[in-house]
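Structure first, commentary second.
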Amino acid sequence: MDLDLLERRQATLSWRDDLIMAIWDIVNRAGMEAKRGVEERLAEAGIVETLWDPASFTRERVDVVMREMIVSELENLFDGAAEQLRTIAPGYNALADALLESLSMLQMPSLEPEIQGEPKVDAPKGSATTSTGRLATMMETISNQDFVKNAKEWGSWALSVVGEASEAASQKLQSGAGLHDRLRRSAQARIETAWMAPAGDPPPLMGQLIAVVESVGNEARSMAL
């Protein structure tokens, strides 16, 4: 038994496993930061986004954070991994170079919508009429309760209060109705399917990275047989 070859093979296996774990750590930490960012900006989402198209609110916010955190860390990680591979055996220099070149070939998840030409979901018909009716009812109720004495006082009160109150009501409605949870689920789904899944169409980033490491690792082990 060639002990040198056996040692090289074990070192290669360890190199592969450590690199994959390090990649998982980078992508996972980026995912946690992306979810934290979405959580902090939930108040910016309107009813239309939370109810009809949560992905339009979450996709870019998730992807921008993931890209910013992952790209530089991956470069540093692969630089170190390539040097480590070279120290295992001089014959691995070409594999180390290939590992570094693979970074330029990675396909980052697109910021564009995943489904092109998807039919736009419109609000239910009659919603504008319904809203108008509710507004009239609300104004009548306010008038009946003597909260506003005349049209001039109503206008002054509306200018100073309605904007703030409607925003607070919108946020309370979204939170109470679980609509903010739709945004949280949308962010989680984007991270899982586009960034962290081992396979998919288009290929998620994690799947691409694992494929690269496995390919280099398999080649290195075959050279140690």
At what distance, to the nearest 0.5 angstrom, does [atom1] of [X] lie from [atom2] of [Y]?
{"X": "Leu19", "Y": "Gln84", "atom1": "CG", "atom2": "CD", "result": "8.5 Å"}
{"X": "Asp181", "Y": "Ser186", "atom1": "CG", "atom2": "OG", "result": "12.0 Å"}
{"X": "Met108", "Y": "Gln208", "atom1": "CE", "atom2": "CD", "result": "8.0 Å"}
{"X": "Thr12", "Y": "Glu219", "atom1": "OG1", "atom2": "CD", "result": "11.0 Å"}
{"X": "Asp18", "Y": "Ser14", "atom1": "CG", "atom2": "OG", "result": "4.0 Å"}
{"X": "Ile88", "Y": "Glu7", "atom1": "CD1", "atom2": "CD", "result": "10.0 Å"}

I'd like to know if [Y] and [X] are part of one continuous hydrophobic network [Ile/Leu/Val/Met/Phe/Trp/Tyr, side-chain heavy atoms within less than 4.5 Å].
{"X": "Leu183", "Y": "Met66", "result": "yes"}
{"X": "Leu74", "Y": "Leu85", "result": "yes"}
{"X": "Ile23", "Y": "Met69", "result": "no"}
{"X": "Leu13", "Y": "Leu95", "result": "no"}
{"X": "Met32", "Y": "Leu77", "result": "no"}

Run the side-chain contact (heavy atoms from CB on, under 4.5 Å) test on Trp195 and Arg67 for me, step by step, so that the C-alpha distance in whole Å, both residues' side-chain angles and the decisive distance to 0.1 Å come before the verdict. CA-CA 10 Å; Trp195 291 91; Arg67 286 169 182 259; 3.7 Å; yes

Heavy-atom donor-acceptor pair, [X] side chain to [Y] backbone, under 3.5 Å:
{"X": "Ser215", "Y": "Ala211", "value": "no"}
{"X": "Trp15", "Y": "Ala81", "value": "yes"}
{"X": "Arg9", "Y": "Met223", "value": "no"}
{"X": "Thr193", "Y": "Ala189", "value": "yes"}
{"X": "Gln107", "Y": "Pro203", "value": "no"}
{"X": "Thr58", "Y": "Pro54", "value": "yes"}
{"X": "Asp63", "Y": "Glu60", "value": "no"}
{"X": "Tyr92", "Y": "Thr87", "value": "no"}

Non-hydrogen atoms of [X] and [Y] that approach each other most closely:
{"X": "Ser102", "Y": "Val212", "value": "OG-CG1, 3.3 Å"}
{"X": "Ile20", "Y": "Met206", "value": "O-CE, 4.3 Å"}
{"X": "Glu73", "Y": "Ile26", "value": "OE1-CG1, 3.5 Å"}
{"X": "Pro204", "Y": "Ala197", "value": "CB-O, 3.3 Å"}
{"X": "Ile191", "Y": "Gly31", "value": "CD1-O, 3.4 Å"}

Between [X] and [Y], is there a side-chain N and carboxylate O pair less than 4.0 Å apart?
{"X": "Arg29", "Y": "Asp25", "value": "yes"}
{"X": "Asp97", "Y": "Arg86", "value": "yes"}
{"X": "Arg61", "Y": "Glu39", "value": "no"}

Do Val62 and Phe57 come within less than 4.5 Å of each other through their side chains, counting heavy atoms only?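 With C-beta onward as the side chain, the pair stays apart.
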
Output, in order, the C-alpha distance, side-chain angles, deciding distance and verdict of side-chain contact (heavy atoms from CB on, under 4.5 Å) for Glu214 and Arg16. CA-CA 7 Å; Glu214 289 285 6; Arg16 180 205 62 184; 3.6 Å; yes

Verify side-chain contact (heavy atoms from CB on, under 4.5 Å) between Val38 and Arg184, making sure each step is shown before the conclusion. CA-CA 7 Å; Val38 170; Arg184 296 184 181 102; 5.8 Å; no

